[in-house]
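No experiment lies behind these values; they were computed from the predicted model shown. Chain letters run A, B, ... following the sequence lines, proteins first and then strands; every chain starts at 1.
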Amino acid sequence: DAGVTQSPTHLIKTRGQQVTLRCSPKSGHDTVSWYQQALGQGPQFIFQYYEEEERQRGNFPDRFSGHQFPNYSSELNVNALLLGDSALYLCASSFEGYEQYFGPGTRLTVT
Amino acid sequence: AQSVTQLGSHVSVSEGALVLLRCNYSSSVPPYLFWYVQYPNQGLQLLLKYTSAATLVKGINGFEAEFKKSETSFHLTKPSAHMSDAAEYFCAVSDNHMGGAQKLVFGQGTRLTINP
């Protein structure tokens with residue numbers, strides 16, 4: 001049984017560009033949450049998707065948006081990238097939002 | 001609002017010694033509490049969780065944690081440290097209810113170093 005998978009593993013972008021990160025949840029899971037982990041910090045909640053709708057959102061600007069597909073996979077989009085967006089982006093999946101299983105993350109570097 | 005404070009950003013112990021990582025939480029509702037471990041360049045792995053059942057929770061790799069409501073604490077312990085325990089440890093809190101949006105609120109993390 002594959003766990004949570006994320007792509008790409010690493011990504012380098014330039015300020016002002018847009019980026020899309022992808023996540024496939026663990027089999028049987030219907031909820032996907034996204035977290036941003038800056039270097040040396042704990043993960044911070046961005047938003048959570050359930051039944052293709054954003055169910056809850058953390059304190060992140062509208063530049064951060066997402067989508068969930070009918071197969072429960074999800075995308076995180078970030079527009080107008082800033083240097084401060086450089087971080088490890090973690091996806092977590094769960095069933096009914098309970099115990100969350102994390103993927104390996106996508107390391108985004110903005111130059 | 002919920003919050004987590006991990007006391008000590010860096011803890012160093014000798015191999016075979018007791019590991020104690022401290023976590024205090026703040027929550028206006030009965031919480032669910034979690035400990036996660038993160039190895040370099042990897043995601044988070046769940047060590048153990050408290051979900052309002054037994055206050056002493058046993059997890060993987062010999063770790064355990066005790067929920068103390070009066071102290072709002074959920075400290076992580078392991079009787080005998082192993083070199084493979086070297087990693088970053090995160091305490092997290094979420095709302096205690098099923099079926100709803102349960103975002104995790106994480107502490108800043110504690111880096112555990114094991115000395116040979």
Among P43(A), G40(A), G42(A), G58(A), single out the residue with the greatest number of heavy-atom pairs under 4.5 Å to chain B. P43(A)
In one Ile/Leu/Val/Met/Phe/Trp/Tyr side-chain cluster, 4.5 Å: L90(A), L76(A): no
Looking only at heavy atoms, what is the nearest atom pair of Y36(B) and Q100(A), with distance? OH-O, 3.0 Å
Heavy atoms from other residues, nucleotides or ligands near CG of L56(B) exceed 12 (cutoff 6.0 Å): yes
Are F95(A) and Y49(A) connected into the same hydrophobic cluster when the rule is that any two of I, L, V, M, F, W, Y join if their side-chain heavy atoms are below 4.5 Å apart? no
Where at least one partner belongs to residues 59-69 of chain B, residue pairs that pass salt bridge (Lys or Arg N to Asp or Glu O under 4.0 Å), sequence neighbours excluded: K58(B)-E64(B)
Sequence neighbours excluded, every pair satisfying side-chain hydrogen bond (donor to acceptor under 3.5 Å, both in side chains) that has a member inside residues 36-45 of chain A: Q36(A)-Y89(A), Q37(A)-Q38(B), Q41(A)-Q108(B)
Closest approach of L46(B) to E99(A) (non-hydrogen atoms, all atoms of both residues): CD2-OE2, 3.2 Å
Please check if the number of heavy atoms outside L20(B) that lie under 6.0 Å from its CG is greater than 12. yes
Do other residues, nucleotides or ligands put more than 12 heavy atoms under 6.0 Å from N71(A) CG? yes
Pull out the residues in residues 103-111 of chain A that come under 4.5 Å of chain B, heavy atom to heavy atom, sorted by number. G103(A), P104(A)
Pairs where residues 61-83 of chain A contributes a residue and the test salt bridge (Lys or Arg N to Asp or Glu O under 4.0 Å) is met, not counting sequence neighbours: R22(A)-E75(A), R63(A)-D85(A)
Any side-chain heavy atom of L44(B) sitting closer than 4.5 Å to one from Y35(A)? no
